[in-house]
Amino acid sequence: MRPRTIFIAVLAGCATLVPAVPSAAAAAQARGTAPSCVARIADEQPHGLIVWVRNGCGKTMRVKVIMDWARDTDCVTLLDGRSREWTYKTGSYNRTVTC
(Lines give C-alpha, C1' and ligand atoms only; values in the text may rest on other atoms or scores of the structure.)
Protein backbone atom coordinates (compact mmCIF):
# COMPACT_ATOMS: atom_id res chain seq x y z
CA MET A 1 0.00 0.00 0.00
CA ARG A 2 1.22 3.47 -0.80
CA PRO A 3 1.55 5.92 2.15
CA ARG A 4 -1.27 8.15 0.88
CA THR A 5 -3.69 5.18 0.68
CA ILE A 6 -2.81 4.14 4.23
CA PHE A 7 -3.42 7.68 5.52
CA ILE A 8 -6.88 7.83 3.88
CA ALA A 9 -7.77 4.39 5.27
CA VAL A 10 -6.72 5.44 8.78
CA LEU A 11 -8.79 8.64 8.54
CA ALA A 12 -11.82 6.69 7.35
CA GLY A 13 -11.47 4.31 10.28
CA CYS A 14 -11.17 7.16 12.81
CA ALA A 15 -14.33 8.81 11.54
CA THR A 16 -16.36 5.87 12.80
CA LEU A 17 -14.87 6.19 16.30
CA VAL A 18 -15.86 9.82 16.87
CA PRO A 19 -19.47 10.17 18.05
CA ALA A 20 -21.53 12.87 16.38
CA VAL A 21 -22.49 15.78 18.63
CA PRO A 22 -26.00 17.06 17.87
CA SER A 23 -26.38 20.77 17.27
CA ALA A 24 -28.75 22.89 19.38
CA ALA A 25 -31.18 23.02 16.46
CA ALA A 26 -31.13 19.24 16.10
CA ALA A 27 -31.68 18.84 19.85
CA ALA A 28 -34.68 21.18 19.70
CA GLN A 29 -36.05 19.27 16.73
CA ALA A 30 -35.66 15.99 18.63
CA ARG A 31 -37.79 17.33 21.50
CA GLY A 32 -40.59 18.05 19.08
CA THR A 33 -43.16 20.70 18.65
CA ALA A 34 -45.32 21.30 21.71
CA PRO A 35 -48.80 19.74 21.48
CA SER A 36 -51.80 21.82 20.45
CA CYS A 37 -52.99 22.02 24.07
CA VAL A 38 -50.14 24.53 24.53
CA ALA A 39 -51.62 27.66 22.98
CA ARG A 40 -49.21 30.11 21.42
CA ILE A 41 -49.61 33.55 19.94
CA ALA A 42 -46.92 35.65 18.27
CA ASP A 43 -48.22 39.20 17.96
CA GLU A 44 -46.30 42.00 16.26
CA GLN A 45 -46.70 45.27 18.17
CA PRO A 46 -45.16 48.73 17.63
CA HIS A 47 -42.80 48.13 20.57
CA GLY A 48 -41.79 44.60 19.47
CA LEU A 49 -42.94 41.03 19.03
CA ILE A 50 -44.91 39.54 21.92
CA VAL A 51 -44.83 35.74 22.19
CA TRP A 52 -47.43 34.26 24.56
CA VAL A 53 -47.87 30.61 25.52
CA ARG A 54 -50.56 29.04 27.73
CA ASN A 55 -50.71 25.49 29.06
CA GLY A 56 -54.15 23.92 28.69
CA CYS A 57 -52.95 20.30 28.70
CA GLY A 58 -54.35 19.25 32.07
CA LYS A 59 -50.84 18.60 33.39
CA THR A 60 -47.58 20.45 33.94
CA MET A 61 -45.63 21.05 30.72
CA ARG A 62 -42.05 22.17 30.08
CA VAL A 63 -41.75 24.31 26.96
CA LYS A 64 -39.27 26.49 25.14
CA VAL A 65 -39.90 29.15 22.47
CA ILE A 66 -37.60 28.85 19.45
CA MET A 67 -36.87 32.14 17.69
CA ASP A 68 -35.21 33.05 14.41
CA TRP A 69 -32.68 35.89 14.65
CA ALA A 70 -33.15 36.22 18.44
CA ARG A 71 -32.29 34.26 21.56
CA ASP A 72 -34.53 31.28 22.33
CA THR A 73 -36.20 31.26 25.73
CA ASP A 74 -35.00 29.05 28.52
CA CYS A 75 -36.98 25.89 29.14
CA VAL A 76 -39.86 26.95 31.42
CA THR A 77 -42.26 24.90 33.51
CA LEU A 78 -45.91 25.85 33.08
CA LEU A 79 -48.51 24.46 35.47
CA ASP A 80 -51.86 23.62 33.88
CA GLY A 81 -53.79 26.83 33.16
CA ARG A 82 -50.71 29.07 33.48
CA SER A 83 -49.24 31.29 30.79
CA ARG A 84 -46.04 33.15 30.09
CA GLU A 85 -45.08 35.89 27.65
CA TRP A 86 -41.89 37.35 26.25
CA THR A 87 -41.28 40.58 24.32
CA TYR A 88 -38.62 40.75 21.60
CA LYS A 89 -37.21 43.87 19.94
CA THR A 90 -35.80 41.78 17.07
CA GLY A 91 -36.33 38.33 15.63
CA SER A 92 -39.29 36.29 14.56
CA TYR A 93 -41.20 33.43 16.14
CA ASN A 94 -40.30 29.96 14.85
CA ARG A 95 -42.06 27.41 17.08
CA THR A 96 -42.69 26.19 20.62
CA VAL A 97 -41.13 22.87 21.64
CA THR A 98 -41.30 20.61 24.67
CA CYS A 99 -38.17 20.28 26.77
>> Using the rule given for side chain to side chain contact (heavy atoms under 4.5 Å, CB included), can you reason through Trp52 versus Asp43, listing the C-alpha separation, both sets of side-chain angles and the distance that settles it, and then say yes or no?
In response: CA-CA 8 Å; Trp52 174 86; Asp43 188 22; over 6 Å; no
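Evaluation of the disulfide bond (SG atoms under 2.5 Å apart) test over residues 59-92, restricted to residues two or more places apart or in two chains, returns Cys75-Cys99.
The heavy-atom pair separating Pro35 from Arg40 by the smallest distance is O-NH1, 3.0 Å. Of all heavy-atom pairs spanning Leu49 and Tyr93, the tightest one is CD2-N, 3.7 Å. When all heavy atoms are compared, the tightest approach of Leu78 to Asn55 is O-ND2, 2.8 Å. Smallest separation of non-hydrogen atoms from Val63 and Ala34: CG1-CB, 4.4 Å.
Note that CZ of Arg95 and CE of Met67 are 12.0 Å apart. Values are rounded to the nearest 0.5 Å. Note that the OG1 atom of Thr77 and the CE atom of Met61 stand 10.5 Å from one another [nearest 0.5 Å].
Partners of Arg62 by salt bridge (charged side-chain N to carboxylate O under 4.0 Å, His left out), not counting sequence neighbours: none found. The side chain to side chain contact (heavy atoms under 4.5 Å, CB included) test applied to Ile50 returns Gln45, His47, Glu85, Thr87, not counting sequence neighbours.
Exactly one residue among Val65, Ile66, Thr73 makes a side-chain contact (heavy atoms from CB on, under 4.5 Å) with Thr96. That residue is Val65.
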